[in-house]
2 protein chains.
Amino acid sequence: MRNKTTVSQAISRELLKMIEHGKFPPGSKLPSEMELAAHFGVSRIPIREALSVLRAAGVITSRQGGGSYVEENAATSLLHHIRIEQDDADIIKHLFEMRKILEPEAAYLAALRRTPEQLQQMRNALKRLEIECNDEEKTGQKADIEFHSSIIQATQNPIMIQMMENLSALYERALKITLKPNLKLKQRRKAALKEHRNILSAIEMEEPELARIQSAIHLKNAEKKLSLLL
Amino acid sequence: MRNKTTVSQAISRELLKMIEHGKFPPGSKLPSEMELAAHFGVSRIPIREALSVLRAAGVITSRQGGGSYVEENAATSLLHHIRIEQDDADIIKHLFEMRKILEPEAAYLAALRRTPEQLQQMRNALKRLEIECNDEEKTGQKADIEFHSSIIQATQNPIMIQMMENLSALYERALKITLKPNLKLKQRRKAALKEHRNILSAIEMEEPELARIQSAIHLKNAEKKLSLLL
DNA sequence: ATCATAAAATTTGTATTACAAGCTACTATT
DNA sequence: AATAGTAGCTTGTAATACAAATTTTATGAT
């Protein structure tokens, strides 16, 4: 089932290694595609696909007719992204630590900047959360995600939005992997709901500091529950 | 000087947008390269280059003969599709806002967890910063980056490290694009150096709260300077 | 000799055709 | 009906060609 690595992928990694190793220092010009093709003993196609990856990652830039150049500050982020192997309980703690840092600040910003529409979105999500809370069948997880997501959106900061989106996705995936089919989350649901209401009302009242504190409290309690499950 | 976007880059963005929009839900199979080529009215080459970017970003996987499929967890790439267009001076403010949130917390964690080696790394970076500060030629930017980076490393949190790495890369690139060269950053260098020393000494003394405060002060002052340049 | 301009040579971007390697689905044989 | 085999897609790579943009060289004027 393993994905065999293709020539273009191998070349992409190889070129990146060369760049990181200083073989092509920042600002320098790469050999032409023809030269690279000759050097690796392949056609231009795998070379171009490898270069397009490095280009998308911000490692190089290319100008038609001009050649490809190594960026001054090569952000190699694309290639070594965080992968969650099997049950790594440590990673969950690290992910949660980032949530504890980011979410209270997001609540703070949301209290400052939320539009009426975004406020309504939070109210709707909370309402659904209340309904599902009483339903033994539903987990309410989706509404929960939506509530938190609407707060993030209200920060109006695209970087925050992007970071939290990725962080949440990683967190949920990590939880799903490590926590087997699960366990009653019910006993804390009522309490969590109240915490959510507190956050929302702080945002409604446009009280950023309070929103930050309420969010921090919520996360602190969630962490307690989490530590029991690990 | 403006980098004209190529067909393959446009298609890469377009496909990503379609995937994010749910046109191709997670787990689903993409049309074949021939079909995509016909749909976009281009040859296979730009299609393949676009797909290779999405593949490298972890958005899709491809098997020879089998086709390309949307990954289940398509959001694992941290921050990638944030494009810095030139007229976005706003993005710098958003990026800086995230720095103000993350860096003081990183300093806090670093004060708790730094190893002796990491402490030494910070001292070395600071020393180089002091030397370059007196040299009119050097900008000291590299040492500055190294100092901050070593603090991030000391948090021992891989998620934090990854996020800050991406954030810094974006920030530097954005600065370089919007702020044309030049501009003397010198007048604040002495003051900034002192702030750096304060952060380091708090981390040395293992006083997390103090480290957080010192980092926040440093960023607050840096923000003042930044707002003058925008 | 120097500088401006035009032509030539490179180099990236895309198209076309071709084929190998691997996967899918259908068919035929039992 | 189950299984093996085959035909047909689909991705991966090659080779060639040409357009578009850039860099280098050559040319010409002053």
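None of these values were measured; they are calculated from a predicted model. Because only heavy atoms are used, hydrogens play no part in the values below, and waters and symmetry mates are left out as well, while side chains stay in.
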B:E33 CD to C:dT17 C1', in whole Å, measures 15 Å
Nearest-nucleotide comparison on DNA chain D, the residue closer to the 5′ end among B:G65 and A:G41 = B:G65
Between D:dA14, D:dT11, C:dA15, spot the one nearest the side chain of A:V42, thanks.
-> D:dA14
Atom pair distance, as rounded to whole Å: CD1 in B:I45 and P in C:dA18 = 15 Å
Would you indicate, yes or no, if D:dG12 has its OP1 or OP2 atom less than 4.0 angstrom from a side-chain nitrogen or oxygen of B:R48?
-> yes
In whole angstroms, the gap separating P of C:dG13 from CD of B:Q9 amounts to 8 Å
Comparing nearest nucleotides in DNA chain C, the 5'-proximal residue of the pair B:E49, A:E35 is A:E35
Interatomic distance, B:I47 CD1 vs D:dT13 C1' [rounded to whole Å] | 17 Å
Would you say the side chains of B:R55 and B:S62 form a donor-acceptor pair under 3.5 Å?
-> yes
Does a nitrogen or oxygen in the side chain of A:R55 sit under 4.0 Å from OP1 or OP2 of C:dG13?
-> yes
Below 3.5 Å, does any donor atom in the side chain of A:R63 face an acceptor in the base of C:dG13, or the other way round?
-> no
Answer yes when B:R44 and A:E49 have at least one side-chain N-carboxylate O distance shorter than 4.0 Å, and no when they do not.
-> no
State whether A:K100 and B:E105 are salt-bridged, where the test is any N-O pair (Lys NZ or Arg NE/NH1/NH2 against Asp/Glu carboxylate O) under 4.0 Å.
-> no
Is the CE atom of A:M18 crowded by more than 12 outside heavy atoms at less than 6.0 Å?
-> yes
Which whole-number value in Å describes the distance from A:M34 CE to D:dT23 C1'?
-> 17 Å
Whole Å only: how far is the CZ atom of A:F40 from the P atom of D:dG12?
-> 19 Å
d(CZ, A:R44; P, D:dT16) in whole Å | 13 Å
Does any donor atom in the side chain of A:Q153 or A:S150 lie under 3.5 Å from an acceptor atom in the other side chain?
-> no
Atom-to-atom span, CD of A:Q64 to P of C:dT14 - whole angstrom | 7 Å
